[in-house]
Number of protein chains: 2
Amino acid sequence: MQKDAYTLILEAIEARQFRPGERLVESELAERFGVSRTPVREALQRLETQSMLKRDGRSLIVATLDHNQLAELYAVRTELEGLAARLAARHATEEEIRVLQSMVADDQALLGGDPAALSRANKRFHKQIHLASHNRFLVQQLDLLHRSMALMAQTSFAAEGRDGVALGEHEAIVAAIAARDENRAWQALRTHISRAFETRLRVEAGELKLR
Amino acid sequence: MQKDAYTLILEAIEARQFRPGERLVESELAERFGVSRTPVREALQRLETQSMLKRDGRSLIVATLDHNQLAELYAVRTELEGLAARLAARHATEEEIRVLQSMVADDQALLGGDPAALSRANKRFHKQIHLASHNRFLVQQLDLLHRSMALMAQTSFAAEGRDGVALGEHEAIVAAIAARDENRAWQALRTHISRAFETRLRVEAGELKLR
DNA sequence: AAAGGAAGCCTTGAATGCAAAAAGACGCCT
DNA sequence: AGGCGTCTTTTTGCATTCAAGGCTTCCTTT
């Protein structure tokens with residue numbers, strides 16, 4: 001059995017096969033995925049409630065993120081990721097901390113490599129921190145945010161030199177969590193998000209080169 | 001034309017016509033609302049993605065909130081409402097501030113009255129602060145949280161004396177926002193949420209009487 | 001009497017068909 | 001030639017139907 005329509009459409013959006021602003025027609029998707037319109041419709045509506053899709057008149061288009069929305073998203077993200085770091089420092093199990101440590105260690109090998117692979121590793125790292133917070137509402141809300149981030153142009157890891165800096169920031173976060181230092185973990189993660197936003201702005205402004 | 005299935009089911013959950021834990025059967029809902037199973041199905045799936053419904057085997061039940069989840073929810077809520085207060089102090093227009101001030105003034109008249117009316121007024125007040133943040137992601141996420149709160153037993157305004165205290169807290173929040181004092185607004189709203197949680201815990205423990 | 005199995009019913013998942021509404025294209029009139 | 005109106009086509013929304021899966025209940029067997 002193959003994946004359901006919801007997953008297929010979501011993956012297609014995340015893979016940028018459907019671009020922000022692009023219109024999604026039920027019958028086309030149904031044919032493309034070899035199912036009827038019914039499951040496609042359901043998938044589209046679920047994605048709409050998650051703000052991945054937006055209504056434009058009667059039809060649905062892939063949501064777009066303008067500059068303002070980007071700033072708004074990062075404002076919320078900073079707060080929630082900071083909370084996640086604080087809670088992870090408080091609630092993470094020793095096993096979870098070791099997983100975080102090994103993730104950071106493994107990421108050394110990826111430095112300078114494929115930006116897409118770096119981005120995936122980064123996603124896994126942050127996801128692991130979310131889970132370590134042991135707060136399912138927080139996990140859910142951060143999931144939503146990260147979904148919306150998939151609508152952005154490209155990963156900030158494509159920026160020249162960003163990967164090494166980010167890895168250092170990751171190390172600082174994990175160290176703070178391992179030390180059970182809530183405030184330091186909170187601050188380290190906020191700084192990390194802030195830097196990532198800054199990088200993205202520089203790329204957008206054309207100041208930073210992409211590899 | 002009447003409201004769509006999604007709104008009807010959501011309202012029924014919020015009105016506690018469907019209780020947490022209760023199983024929702026598509027065909028029953030379809031008959032009750034006089035539509036076919038198709039729009040009911042779509043509505044149920046949307047509510048499931050918002051965590052208002054939960055899968056239990058193959059069928060859907062209204063989500064339940066245990067004590068742990070309550071604490072997790074309030075942890076996230078404190079952070080997001082605090083951010084909303086900070087952003088409202090920064091971004092609210094003069095008109096929005098005047099609306100907040102008049103809301104607080106009008107709420108005086110409700111003191112000691114119907115807990116349900118107090119709760120509605122409270123919801124409107126907080127919603128107005130969310131909107132004054134001028135951050136649509138934040139509004140969206142807080143909407144989600146407030147939805148989930150509808151799954152809780154009853155409003156904390158039913159607690160003896162809570163309404164007067166809460167109104168005072170509301171006044172402090174609005175004053176800080178009007179003064180454009182971000183930190184004071186942030187702190188005032190966090191304190192307010194913290195007190196509300198505390199009240200709820202006291203009620204749950206049976207320490208506080210309900211009116 | 002209890003446990004295991006089979007049969008039937010209930011419920012969900014998916015496809016198809018139909019109607020209505022919106023978007024677009026074409027022509028007509030000014 | 002341009003604008004307005006109508007007709008056609010596309011696309012969505014909803015209903016109905018069919019199939020598959022699970023659950024319950026009852027019967028049988030040990």
Side-chain angles (χ1 to χ4, degrees), chain A residues 1-64 66 140 143 147-148 151, chain B residues 1-64 140 143 147-148 150-151:
Chain A
M1 175 227 166
Q2 69 167 358
K3 286 179 258 193
D4 65 348
Y6 171 78
T7 308
L8 288 169
I9 296 173
L10 180 59
E11 285 176 356
I13 293 175
E14 291 185 335
R16 306 189 76 69
Q17 288 163 23
F18 301 136
R19 297 300 186 77
E22 185 171 342
R23 183 172 167 210
L24 297 184
V25 176
E26 293 176 4
S27 50
E28 288 173 10
L29 297 173
E31 192 176 1
R32 169 168 179 159
F33 296 127
V35 295
S36 77
R37 274 180 52 220
T38 308
V40 170
R41 259 181 88 69
E42 291 167 349
L44 291 179
Q45 295 200 5
R46 285 174 67 182
L47 290 166
E48 185 195 356
T49 65
Q50 295 173 20
S51 298
M52 294 294 288
L53 302 179
K54 202 178 96 216
R55 235 157 241 291
D56 175 44
R58 199 149 79 134
S59 55
L60 288 169
I61 62 175
V62 180
T64 57
D66 60 26
Q140 184 194 348
D143 259 2
R147 292 268 169 88
S148 287
L151 299 170
Chain B
M1 174 228 164
Q2 70 167 357
K3 285 179 259 193
D4 66 348
Y6 171 76
T7 309
L8 288 169
I9 296 174
L10 180 59
E11 285 176 355
I13 292 174
E14 291 185 336
R16 307 188 76 70
Q17 287 163 24
F18 301 135
R19 296 302 186 77
E22 186 171 341
R23 183 172 167 210
L24 297 182
V25 177
E26 292 177 4
S27 50
E28 289 174 9
L29 296 173
E31 191 177 1
R32 168 168 180 159
F33 296 127
V35 294
S36 80
R37 272 180 52 217
T38 309
V40 169
R41 257 180 90 68
E42 291 167 349
L44 291 179
Q45 294 200 4
R46 286 174 65 182
L47 289 167
E48 185 194 357
T49 66
Q50 296 173 21
S51 297
M52 294 294 289
L53 303 179
K54 203 178 94 215
R55 236 159 239 292
D56 175 43
R58 202 147 78 131
S59 55
L60 288 169
I61 63 174
V62 180
T64 56
Q140 183 194 347
D143 258 2
R147 290 267 169 88
S148 287
L151 298 171

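The figures here come from the full heavy-atom set of this structure, side chains too, leaving out hydrogens, waters and symmetry mates. Residue numbering restarts at 1 for every chain, and letters A, B, ... go by the order of the sequence lines.
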**Asked** Would you find a donor on one side and an acceptor on the other, under 3.5 Å apart, between the side chain of R41(A) and the backbone of T38(A)?
**Response**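 No; judged by distance alone, with no hydrogens or angles, the pair does not exist.
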How would you list, by chain and number, every residue that makes a salt bridge (charged side-chain N to carboxylate O under 4.0 Å, His left out) with [X], sequence neighbours excluded?
X	value
R147(A)	none
E22(A)	none
E48(B)	R55(B)

**Prompt:** Of all residues at least two apart in sequence or in a different chain, which pass the side-chain contact (heavy atoms from CB on, under 4.5 Å) check with S51(A)?
**Reply:**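 Counting only residues at least two positions away or on another chain, S51(A) forms a side-chain contact (heavy atoms from CB on, under 4.5 Å) with Q140(B).
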**Message:** The criterion is side-chain contact (heavy atoms from CB on, under 4.5 Å); which residues satisfy it with R58(A), sequence neighbours excluded?
**Reply:**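 Not a single residue meets the side-chain contact (heavy atoms from CB on, under 4.5 Å) criterion with R58(A).
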Whole-Å distance separating the [atom1] atom of [X] from the [atom2] atom of [N]:
X	N	atom1	atom2	result
D56(B)	dT12(C)	CG	C1'	14 Å
E26(A)	dC14(D)	CD	P	11 Å
I61(B)	dT12(C)	CD1	C1'	16 Å
E48(B)	dT12(C)	CD	P	12 Å
E42(B)	dA14(C)	CD	C1'	13 Å
E31(A)	dT12(D)	CD	P	14 Å
R46(B)	dG13(D)	CZ	C1'	13 Å
R55(B)	dG21(D)	CZ	C1'	14 Å

**Asked** Base, sugar-phosphate, or nothing: which does L44(A) touch, judged by heavy atoms less than 4.0 Å apart?
**Response** nothing
**Request:** Would you classify L60(A) as touching base, sugar-phosphate or nothing, given that sugar-phosphate means primed atoms plus P, OP1 and OP2, and contacts are heavy atoms under 4.0 Å?
**Result:**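 Since no nucleic acid heavy atom lies under 4.0 Å of L60(A), the category is nothing.
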Identify all pairs in which a protein N or O lies below 3.5 Å from an N or O of nucleotides 16-22 of chain C, and state each distance.
residue: dT16(C); atom: O4; partner: T38(A); partner atom: OG1; Å: 3.4
residue: dA21(C); atom: N3; partner: R58(A); partner atom: NH2; Å: 3.1

**Request:** State, with a plain yes or no, whether a side-chain heavy atom of I9(B) is found less than 4.5 Å away from one of F33(B).
**Result:**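 Of all side-chain heavy-atom pairs linking F33(B) with I9(B), at least one is under 4.5 Å.
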**Item:** Side-chain N or O of R41(A) closer than 4.0 Å to phosphate OP1/OP2 of dA15(D)
**Value:** no
